[in-house]
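Keep in mind that this is a model prediction, so the values were computed, not measured.
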Amino acid sequence: MEKITSRKKLTLYGCAGLGVNLLSMFMSTLIAGLTTEGYNGASVELPFRTYLNVPLINLVLWGVLQFLAEALDGVIDLPLATLSEKINSKWGKRKTGILLGLIPTVVFFLLFLIPITPYESIINTIWFGFLLCGFYTFYTLTMLVYYATFSEVCKDEKDLHYLSNTKSICDVVYMSLCFALVPVFFSIGINVRIVALIVLPLSLTMLIPLFMLKEKDGKEQGEKEEPLSLMKSFACAGKDKPYMYWLLAMSIVTVGLQLFLQGIGEVFTVIGLSQTIVMAASFAPVPFTMIAYNKIIKKHGMGTAFRYVLGVFSIGMIIMFFCYLTKGVLPSLALTIIAVVGGIFVSFSIGAFFSVTYTIPSQLSLQKFEETGAKVSGMYFAVQGLFQGVATGIGGGAICALLKEFDVIYLLPIIVCLTCVISFVMSFWFPRTINNIGKTNKIEVE
């Protein structure tokens, strides 16, 4: 694989996943649009947030099918990671893998906009369940192949960190689009299926690697060894103790992060705050707040930087909880100002949380390749995806649902803060291979 040495080209390469990630996040909006509850239970904009303003699926059966689709999304990463390494094409293994994932992803997304019947039916329910499984499968393949190229296109650790930061900023962009821009379309009377067609062309950003990657097939590169089997590749990742310890620490904070993303809107509702304003304060400054994070990494390494983002995220959560404690005491304007300050603290960490999930698997898999010759970059991301899927189910699913069920959603910031504290303590036992990632003097010595 030819390295990408230009920072401008690396920036462009980091933007490749933006559109496909947006489709994946928008899928939750489409799922909500299959029922008359619509998106976030909206009422004024209900006709535009739903497909046909009538329920189209059987909720009981759909609950089972959606669970199966999400479970499949969690376990399919492992075999797909192995499959992505076995692709052998003269056009290029990675480019072929991206196309094999991207085209069906777009097709399944388009088909998801078409109900078989214009009313609630079992056939609709099964149809959308099948499409959801297909979408998750090929979306996962696309992103696994893309992430696997990170360690292959970067010439050194510094460039890898830069690419990861660029991708994390793009993550904030697509999340902001879903949180802020998509509701604007509904407010002006555009139906959710039309909005889906509006955002669909952004998936073409994934064509960027097809033009930028310069690779040859394995035979032309002189590779003699066959790619590792699923079990051997999985065992290679499982036996990497620094990697597994990292996954455990990151999974705990992922529980809190997903709980924040899925439930903070409910907290704002209880307090009486505008979600749009506070979330804008959390996401908009991220490209600038990443500067502080990068400076800490260059001077002290990944371990210290990770503890820094956990600390500022916790401060943001404490401020959010303070807003709840003082509601009815302080005027609404004062509460909004305080909440915005909390959102700014959150912005100093949220981009970094995304960045580390690209940097560390890429760097550790690259080290494994240099030590053993085993190509496991895809598997490292797959196993991380499995851990994150479980963490998301616990935080954004189970805990969030329990807080709503017992009407204590206001405790959300405290629970998020607790996950940060646990990960903060665990980070002191990070091995050097993780602690020193990005440290400038370490790079210079090497």
Write down the atom of [X], the atom of [Y], and the distance for their closest heavy-atom approach.
X      : Y      : result
Leu197 : Leu113 : CD2-CD1, 3.7 Å
Ser362 : Ser151 : O-CB, 3.7 Å
Thr419 : Ile252 : CB-O, 3.4 Å
Ile57  : Thr125 : CA-OG1, 3.4 Å
Gly17  : Met143 : CA-CE, 4.2 Å
Ile338 : Ile319 : O-CG2, 3.3 Å

Query - Val408: side-chain contact (heavy atoms from CB on, under 4.5 Å) partners, not counting sequence neighbours - result: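 Partners of Val408 by the side-chain contact (heavy atoms from CB on, under 4.5 Å) criterion, ordered by chain and then number, come out as Leu403, Phe406, Tyr410, Leu411.
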
Could you tell me whether the side chain of [Y] reaches within less than 4.5 Å of the side chain of [X], counting heavy atoms only?
X      : Y      : answer
Phe112 : Leu34  : yes
Tyr243 : Ser365 : no
Ser203 : Leu200 : yes
Asp171 : Tyr358 : yes
Leu65  : Phe128 : no
Asp240 : Tyr380 : yes
Leu273 : Thr336 : yes
Ser168 : Met290 : yes

Report task. Start with the C-alpha gap between Leu163 and Lys167, add the side-chain angles, then the distance that decides, and say whether side-chain contact (heavy atoms from CB on, under 4.5 Å) holds. Result -> CA-CA 6 Å; Leu163 178 58; Lys167 178 64 177 70; 5.7 Å; no

Is a side-chain N or O of [X] found less than 3.5 angstrom from the main chain of [Y], in a donor-acceptor match?
X      : Y      : result
Tyr245 : Met426 : yes
Thr142 : Leu102 : yes
Gln384 : Thr357 : yes
Thr205 : Leu202 : yes
Thr166 : Tyr162 : yes
Asn435 : Met302 : no
Ser28  : Met25  : yes

What's the spacing between [X] [atom1] and [Y] [atom2] if we round to 0.5 Å?
X      : Y      : atom1 : atom2 : answer
Glu157 : Thr359 : CD    : OG1   : 9.0 Å
Gln363 : Ile360 : CD    : CD1   : 9.5 Å
Ser377 : Phe369 : OG    : CZ    : 9.5 Å
Leu56  : Thr50  : CG    : OG1   : 8.0 Å
Leu213 : Lys95  : CG    : NZ    : 6.5 Å
Cys417 : Ile318 : SG    : CD1   : 4.5 Å

[X], [atom1]: over 12 other non-hydrogen atoms inside 6.0 angstrom:
X      : atom1 : result
Phe428 : CZ    : yes
Glu370 : CD    : yes
Lys9   : NZ    : no

Query raised in the report: Can you list the steps and then say if Trp62 with Ile31 is a side-chain contact (heavy atoms from CB on, under 4.5 Å)?
Result: CA-CA 10 Å; Trp62 177 253; Ile31 291 173; 3.7 Å; yes

Query raised in the report: side-chain contact (heavy atoms from CB on, under 4.5 Å) between Leu78 and Thr82: does it pass, once the steps are laid out?
Result: CA-CA 7 Å; Leu78 304 182; Thr82 303; over 6 Å; no

Query - Ring-ring centroid check Tyr146 Tyr13, cutoff 6.0 Å - result: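 Close enough - the centres of the two rings lie under 6.0 Å apart.
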
Report task. Would you please indicate if the ring centroids of Tyr293 and Tyr308 are separated by under 6.0 Å? Result ->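 Between Tyr293 and Tyr308, the centre distance exceeds or equals 6.0 Å.
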
Query raised in the report: So among Val329, Ile271, Val340, which one has a side-chain contact (heavy atoms from CB on, under 4.5 Å) with Leu335?
Result: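 Result: among Val329, Ile271, Val340, Ile271 is the only option passing the side-chain contact (heavy atoms from CB on, under 4.5 Å) with Leu335.
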
Report task. Kindly write out the residues that satisfy salt bridge (Lys or Arg N to Asp or Glu O under 4.0 Å) with Asp159, not counting sequence neighbours, or none if the list is empty. Result ->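 Checked Asp159 against salt bridge (Lys or Arg N to Asp or Glu O under 4.0 Å); matches are Arg7, Lys155.
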
Requested in this report: I would like to know whether Met212 and Ile4 meet side-chain contact (heavy atoms from CB on, under 4.5 Å); could you show each step before the answer?
Outcome: CA-CA 8 Å; Met212 297 187 68; Ile4 298 176; 4.0 Å; yes

Requested in this report: Over 60° means perpendicular and under 30° means parallel, so classify the ring planes of Phe138 and Phe108, tilted if in between.
Outcome: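 The rings of Phe108 and Phe138 lie parallel, inter-plane angle below 30°.
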
**Report entry** Flag for Asn21-Tyr139: side-chain donor and acceptor within less than 3.5 Å
**Finding:**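 Judged by distance alone, the side chains do pair up.
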
Return a table of donor-acceptor pairs under 3.5 angstrom between the side chains of residues 344-356 and protein atoms on other chains or two or more places apart.
residue : atom : partner : partner atom : Å
Ser347  : OG   : Ile344  : O            : 2.5
Ser349  : OG   : Val346  : O            : 2.8
Ser355  : OG   : Asn165  : OD1          : 2.6

